[in-house]
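Quick note on labels: first sequence line is chain A, next is B, and so on, each numbered from 1. All values reported here derive from a predicted model rather than from experimental measurement. Worth knowing before you read on, the calculation uses all heavy atoms, side chains too, and leaves out hydrogens, waters and symmetry mates.
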Number of protein chains: 2
Amino acid sequence: MYVHIKIALRLTQNEKYFIFDLPMKKKYVLKDIAKLAGVSIGTVDRVIHNRGRVSAESEKRVKAAIKELHYVPNPVAQSLKNNKVHQIRILLPDPSIDPYWVPCEHGIHEIKDEFKAFDLDIELSYFDPVKVNSFKEAGEAILDQKPDSLLFVPLFEKESVLLMEKLKNSNTLTSTFNSPSNSGVHQFIGQNLFLSGRVAAKLACDHLPSEANVGILHLDESFNNALHMQEKEKGFRAYFEENCPTSKLYTHTWDSSRSKYHLEKLQNDSLVYDILFVTNSKIHPVAMAVHELGLKTKLIGYDLLKENVVCLKEGRIDFLIHQAPKTQASLSLKNVIEHLLFKKPLPETVLLPIEIINSENVDSYL
Amino acid sequence: MYVHIKIALRLTQNEKYFIFDLPMKKKYVLKDIAKLAGVSIGTVDRVIHNRGRVSAESEKRVKAAIKELHYVPNPVAQSLKNNKVHQIRILLPDPSIDPYWVPCEHGIHEIKDEFKAFDLDIELSYFDPVKVNSFKEAGEAILDQKPDSLLFVPLFEKESVLLMEKLKNSNTLTSTFNSPSNSGVHQFIGQNLFLSGRVAAKLACDHLPSEANVGILHLDESFNNALHMQEKEKGFRAYFEENCPTSKLYTHTWDSSRSKYHLEKLQNDSLVYDILFVTNSKIHPVAMAVHELGLKTKLIGYDLLKENVVCLKEGRIDFLIHQAPKTQASLSLKNVIEHLLFKKPLPETVLLPIEIINSENVDSYL
DNA sequence: TAAAATTTTGTGTACGTACACATAAAAATT
DNA sequence: AATTTTTATGTGTACGTACACAAAATTTTA
């Protein structure tokens with residue numbers, strides 16, 4: 001195939017250009033298909049989008065031509081044509097109530113910035129992770145706007161199902177992250193929580209004497225999806241049953257701010273833990289309490305909150321598992337945008353790796 | 001601002017459409033700037049690309065209009081206009097000689113596929129990681145083609161500098177990964193190797209008695225950038241000096257296939273290692289040898305080669321550090337493509353996180 | 001067999017940007 | 001004041017796709 005090439009050979013700015021042709025690889029376009037099939041561009045277009053009004057004969061020839069030339073539509077041209085402003089709404093637990101969500105906000109703003117040159121209207125709203133109604137109301141407010149896409153964290157399973165129910169007949173694209181749900185969304189981005197528990201257990205086991213006392217702590221349950229934490233516990237226990245059956249495992253549920261009180265009580269009952277596994281990001285109060293009580297308990301928890309990172313670097317926490325909230329949120333938004341703009345396929349499930357963090361590699365994650 | 005909206009209200013396919021206007025957010029375009037500044041599109045364009053031939057007065061007003069409306073050019077339209085076929089060449093160590101590079105190849109093919117609808121001509125060629133001349137020749141062959149972009153792994157520092165020297169006056173975009181170099185490329189993607197050594201050391205320390213014997217192994221040196229491995233050793237030793245000064249560290253260099261022989265000899269000299277740190281992906285022969293000799297040495301190494309993963313899962317290797325070769329290669333290619341197509345900025349350095357892998361989280365990385 | 005209805009096909013324009021070329025305005029020369 | 005030269009500005013077309021509408025070809029009905 002030959003392509004039009006322009007070469008500037010002019011010496012002064014008013015001389016004319018030379019234009020000639022050079023052989024060069026070239027992507028095939030609609031026009032090429034039309035020529036090969038002996039029809040017009042319009043007919044090719046109708047076949048591609050099966051909009052009907054095409055004779056069987058033409059359709060056959062166009063399809064053959066597409067196949068022969070391996071034609072793929074140019075997504076840049078498509079998205080240029082389709083010049084609507086895509087409405088994207090994001091519903092996030094309020095980061096000022098639970099700082100775990102702060103990185104999500106940052107990730108979203110990064111992606112917003114990356115695509116600032118495109119026709120996107122991205123709006124972020126928050127709900128209180130402790131109040132179901134807050135989620136419901138914020139969700140409905142968004143539905144009223146009939147957005148092209150909705151991203152949210154399905155902390156509340158029942159209400160998420162209800163939300164999706166109302167969205168059934170629209171063609172709003174839905175993407176979720178952090179918490180899995182059966183609400184029938186188009187996409188979920190997160191981690192395998194069971195496996196995550198196993199990873200924690202493996203790290204714990206490596207450090208333990210036989211017949212160790214092992215504690216599993218669910219802190220501030222009201223802030224979290226309880227299912228979320230239970231799944232981690234299941235994985236944790238499964239690993240221990242398989243690999244350290246002599247260890248004794250106990251589960252506790254308490255308020256993170258009362259960690260010292262609870263640990264002291266356990267100490268008085270002469271139950272001293274060799275290791276404590278905290279199933280969410282609230283490990284730092286525990287680390288402080290352990291330190292103040294002079295215990296030698298090893299600690300494993302979740303997430304790179306500022307306070308957690310400090311404890312990790314000072315050796316008060318042994319390992320953190322990184323759930324990559326920022327990656328989850330930004331990937332979710334990016335996937336949706338690239339689907340709307342460039343028709344990239346939207347993967348139904350993206351399971352991010354379970355990242356092990358210690359005092360030495362933590363900086364490489366920040 | 002008001003936008004043209006078409007609504008299909010026709011009952012039969014031959015009725016006409018209703019067309020009316022609805023208020024809606026809309027991105028500002030060249031035309032809007034031109035109108036506001038009271039000039040033509042051409043003048044605005046000349047100002048934006050400072051191509052001159054514009055009066056000071058017009059330039060001032062256009063710039064003010066751009067600022068006022070926060071105008072950002074539409075990169076989709078730009079890339080549609082610029083319909084050249086971008087030539088991208090990739091120079092990779094031959095994966096059939098060192099399997100470490102296999103994932104790079106996969107990553108590259110994934111990105112190639114992701115962008116198959118665009119006008120890109122991406123070609124992959126290989127060099128023998130043991131032969132400097134192979135790199136030189138393959139490099140020069142690529143230079144002759146004057147590609148728009150060149151990706152390569154600068155295994156050989158001196159030759160990489162030479163290659164870049166020859167590229168100096170062209171505007172070929174260069175991106176490298178895996179090995180850092182001072183050849184003046186536009187982009188490097190990789191890990192902080194010193195830190196990587198420290199991470200290994202931290203994992204090692206956690207498992208050690210005081211006064212432990214610690215071995216550092218550089219295997220099959222000819223295959224690798226020696227600097228690469230030395231940097232890891234430095235980090236490893238630095239951590240031990242700070243945190244486990246009582247341990248005794250020894251460095252060995254041998255051929256991975258002769259691991260059993262060397263370990264046996266050390267055993268006869270009654271030097272038994274508590275831990276061995278292998279500075280590259282060649283740890284699995286060591287793991288097999290340790291197993292066969294019945295040693296209880298802990299092992300830490302690099303990379304998720306199939307053989308390494310098997311050893312990890314069977315408990316013969318304790319930790320692997322993932323250098324994410326696939327991510328490195330695919331990110332390098334993706335960055336270059338998005339720069340060429342959409343003018344996204346190309347970050348000079350991307351340091352990927354140092355990922356700790358054990359038997360439980362390894363699957364989440366595959 | 002002509003007219004009407006229906007199906008099929010082709011054409012033109014828009015999306016937003018870039019740039020060659022044409023034209024207009026201003027400045028410098030005669 | 002008439003001209004050339006220089007500088008400034010505007011216009012038209014292309015990129016590849018999508019789609020409304022016009023036009024042509026075919027089928028149905030009278």
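In the model, A:Y28 has no side-chain atom that pairs as donor or acceptor with a side-chain atom of A:E68 under 3.5 Å.
Proximity note for B:A77 (side chain, C-beta onward) versus C:dT17, D:dG16, C:dT9: the nearest is C:dT17. Closest to the side chain of A:N74, from the set C:dG10, D:dT17, C:dG16, is D:dT17. Closest to the side chain of A:V54, out of D:dG16, D:dT17, C:dT9, is C:dT9. For A:P73, the listed nucleotide lying nearest its side chain is D:dT17; candidates were D:dT17, C:dG16, C:dT9. Among the nucleotides D:dT9, C:dT9, C:dA18, the one closest to the side chain of B:K81 is C:dA18. In the set C:dA18, D:dA18, D:dG10, D:dG10 carries the atom at the smallest distance from any side-chain atom of B:V39. Looking at the side chain of A:S40, the nearest of the listed nucleotides C:dC19, D:dT9, C:dT9 is C:dT9. Looking at the side chain of B:R51, the nearest of the listed nucleotides D:dA18, D:dT9, C:dC19 is C:dC19.
One finds no side-chain N or O of B:H49 lying less than 4.0 angstrom from the OP1 or OP2 phosphate oxygen of C:dC19. Taking 4.0 angstrom as the limit, A:Y71 places a side-chain polar atom (N or O) nearer than this to OP1 or OP2 of D:dT17. At D:dT9, one or more side-chain N or O atoms of B:S58 fall inside 4.0 Å of OP1 or OP2 (strictly under the cut-off). Remark: A:S55 is in phosphate contact with C:dT9, judged by side-chain N or O atoms under 4.0 Å from OP1 or OP2. Residue B:S79 places none of its side-chain N or O atoms closer than 4.0 Å to OP1 or OP2 of D:dC15.
Nearest heavy atom pair, residue A:K344 against residue A:H339, reads O-ND1, 2.6 Å. Nearest heavy-atom pair across B:D148 and B:V85 is OD2-O, 4.0 Å.
Geometrically, A:K63 does not engage A:Y71 in a cation-pi contact, judged by NZ or CZ lying under 6.0 Å from the ring centre and within 45° of the ring axis.
Using cut-offs of 30° and 60° for the angle between ring planes, the B:F152 and B:F135 rings count as tilted.
The separation between A:L30 atom CG and C:dT11 atom P is 15 Å, rounded to whole Å. A:L341 has its CG atom 18 Å from the P atom of C:dC15, to the nearest Å. In this structure, A:I41 places its CD1 atom 21 Å from P of C:dT8, rounding to the nearest Å. B:R46 has its CZ atom 8 Å from the C1' atom of D:dG10, to the nearest Å.
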